[in-house]
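Below: the structure, in structure tokens.
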Amino acid sequence: MSTVTVTAADRTLYHVAAVQLADATQWWRIAQLNGMSDPDLSGISTPVTLQMPAQDSSLTDGYPPQD
């Protein structure tokens with residue numbers, strides 16, 4: 001598992017997911033892995049290191065799998 005450091009300049013987890021996972025709709029995977037619920041990063045005052053999930057091309061609709 002990799003990590004990435006984000007700041008308020010990254011704006012949202014949508015942006016981070018687009019850059020890191022090549023799919024902005026997978027922002028929720030980053031949020032889940034890091035105990036976050038809000039994709040907005042504008043309130044971050046210092047850089048934060050986030051764990052990144054592996055790319056998963058089977059997730060194509062932007063929604064978490066339903067149990």
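Predicted model, so just to flag it, every value in this text is computed and none were measured. We number each residue from 1, following the sequence as shown.
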Margin query: Quick test of your reading: applying side chain to side chain donor-acceptor pair (under 3.5 Å), list the pairs with at least one residue in residues 1-16, sequence neighbours left out, ordered by first then second residue.
Written below: T5-T49
Validation: residues 31-38 side-chain donor-acceptor distances under 3.5 Å, sequence neighbours left out:
residue	atom	partner	partner atom	Å
N34	OD1	Q51	N	2.9
N34	ND2	I30	O	2.8
N34	ND2	Q51	O	2.8
D38	OD1	D40	N	2.9

Check: Linking I/L/V/M/F/W/Y whenever their side-chain heavy atoms sit closer than 4.5 Å, directly or via other members, would V16 and I44 fall into one cluster?
Finding: yes
Notebook entry, point to check: V4 and L41: same hydrophobic cluster, using ILVMFWY side-chain contacts below 4.5 Å?
Noted result: yes
Notebook entry, point to check: Between A8 and S42, which heavy-atom pair has the shortest distance, and what is it?
Noted result: CB-O, 3.8 Å
Next item on the list: Measure from the side-chain N and O atoms of R29 to the backbone N and O of Q55, and report whether any donor-acceptor pair falls under 3.5 Å.
Entry: no
